[in-house]
Structures are given as C-alpha cells and as structure tokens.
Amino acid sequence: MLRIYFARLAWVYVAFIWIMSLIPMSMPDVPNSDKIGHFLAYGVLALWFGLVRQQKLGQIFLLASLMGVAVEFAQALTPYRSFDTHDMLANACGALLGTLLAAALLRFLPPILRIQTDKT
C-alpha cells in the first residue's frame, strides 16, 4: 500500500517539474544555478522512480532523460522560456546520478527499509 502512495507522489513530482519548467520565472544571479536546479530535479525524479519500480532502472534513466528533452522543446514554444541543450545535459546527468543512487540503495539497504513491491 505504501508503494502505491509513493508511486502516486512520484507522478505528482513529474507534474511539478513540468509546471515549474513552463511557468515564467526568474533565476537568481548565481552562475549556473539553473543547471544545478535541473540536475537536482531530475536526480530526485530518477531516484524516486528507481526506488518505486526497482527492476527498471535503465528505463527510468532513459525516460527521465527524454522527459528533460521534451521539457526543453516545450519551453521553446513559450515566449518567456528558452531552449537550452545544456539544460538537457544537466537533466540527463541528474537522472544518471539518481538512477545510480537508487541502484546502490536497492543493493545495500536491508529489505525492511525498502519500499515493498508486489514482488517482494
């Protein structure tokens, strides 16, 4: 039951990323702060789905990275956001780190601390 709630919250987080990526907003004057934000957002996304799905880490990395590409193309269609390939790279790097962190946690966490799935 906990897994179902955790999975639903992961989808809410996907919606949050889309919304935050498409609304007008200004970033602080910290160099590369938007890249750090992209890296962290997609790292958390991949980690979260990795802990929920557990057996599909490669697919999670690929889908999170593709979502980052899709968001950038969607931003190009807005008058107040811009398309940036460096953001895509930051998204993919964050997704890779999140996926690797999920794999490490799933390997080393005791079963009692893992999110229970239908298979466990």
Side-chain angles (χ1 to χ4, degrees):
M1 191 67 159
L2 178 63
R3 182 185 158 284
I4 293 170
Y5 293 122
F6 199 69
R8 287 180 181 162
L9 282 175
W11 285 109
V12 169
Y13 186 65
V14 168
F16 173 78
I17 289 175
W18 273 96
I19 291 166
M20 294 305 291
S21 296
L22 295 176
I23 62 172
M25 72 172 28
S26 61
M27 295 300 290
D29 281 340
V30 177
N32 295 316
S33 62
D34 67 321
K35 306 302 179 262
I36 294 166
H38 283 267
F39 180 84
L40 293 175
Y42 284 82
V44 169
L45 177 70
L47 173 62
W48 203 329
F49 272 98
L51 293 176
V52 171
R53 299 297 298 172
Q54 298 183 10
Q55 301 299 318
K56 305 198 182 279
L57 296 178
Q59 291 175 2
I60 289 165
F61 164 70
L62 179 63
L63 291 172
S65 297
L66 288 174
M67 183 178 126
V69 171
V71 164
E72 288 303 314
F73 278 100
Q75 285 179 344
L77 300 174
T78 66
Y80 42 81
R81 300 299 287 250
S82 62
F83 178 89
D84 187 348
T85 55
H86 291 110
D87 286 351
M88 287 184 201
L89 182 60
N91 297 340
C93 289
L96 179 61
L97 182 65
T99 303
L100 293 174
L101 187 55
L105 288 172
L106 291 170
R107 181 171 181 178
F108 295 112
L109 274 180
I112 193 82
L113 295 178
R114 295 182 195 163
I115 297 167
Q116 298 301 308
T117 66
D118 299 332
K119 296 177 184 170
T120 58

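- Ring centers of Tyr13 and Trp18: at least 6.0 Å apart, outside the cut-off.
- The other members of the hydrophobic cluster of Leu40, by chain and number, are Ile36, Phe39, Leu97 (side-chain heavy atoms under 4.5 Å, ILVMFWY only).
- Under the 4.5 Å side-chain heavy-atom criterion for grouping Ile, Leu, Val, Met, Phe, Trp and Tyr, Ile19 is connected to Met25 within one hydrophobic cluster.
- The two residues Gly68 and Tyr42 have their closest heavy-atom pair at CA-OH, 3.5 Å.
- Using a 4.5 Å cut-off between side-chain heavy atoms of Ile, Leu, Val, Met, Phe, Trp and Tyr, with links allowed through other members, Leu66 and Phe83 fall into different hydrophobic clusters.
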Worksheet entry | Met67 and Ile17: CA distance, side-chain angles, deciding distance, side chain to side chain contact (heavy atoms under 4.5 Å, CB included) verdict | CA-CA 10 Å; Met67 183 178 126; Ile17 289 175; 3.5 Å; yes
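- Heavy-atom neighbours of Phe16 CZ from other residues, nucleotides or ligands within 6.0 Å: at or below the threshold of 12.
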Contacts table for residues 57-64: side-chain donor-acceptor under 3.5 angstrom, sequence neighbours left out:
none

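- Between the Arg81 side chain and the Pro24 main chain, no donor and acceptor come within less than 3.5 Å of each other.
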Item to complete: Apply side chain to side chain contact (heavy atoms under 4.5 Å, CB included) to Tyr80 and Gln75, showing your working.
Response: CA-CA 8 Å; Tyr80 42 81; Gln75 285 179 344; over 6 Å; no
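- The aromatic rings of Trp48 and Phe6 sit tilted, their planes meeting at an angle between 30° and 60°.
- Residue Phe49 is not grouped with residue Val69 when hydrophobic side chains (ILVMFWY) are merged at heavy-atom distances under 4.5 angstrom, including chains of intermediate members.
- Leu51 is connected to Val14 through a chain of hydrophobic side-chain contacts under 4.5 Å among Ile, Leu, Val, Met, Phe, Trp and Tyr, so both are in one cluster.
- Rounding to the nearest 0.5 Å gives a distance of 9.5 Å between CG of Leu106 and CG of Leu101.
- By the rule that hydrophobic residues join a cluster once side-chain heavy atoms approach within less than 4.5 Å of another member, Val71 and Ile23 end up as members of one cluster.
- Here the shortest heavy-atom pairing between Ala46 and Ala95 reads CB-O, 3.3 Å.
- When atom types are taken as modelled, the side chain of Glu72 and the backbone of Asp84 share a donor-acceptor pair closer than 3.5 angstrom.
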Donor-acceptor pairs are to be reported for all side-chain atoms of residues 87-94 against protein atoms at under 3.5 Å, with residues two or more places apart or in another chain.
from	atom 1	to	atom 2	distance (Å)
Asp87	OD1	Lys35	NZ	2.8
Asp87	OD2	His38	NE2	3.3
Asn91	OD1	His38	ND1	2.8
Asn91	ND2	Asp87	O	3.2

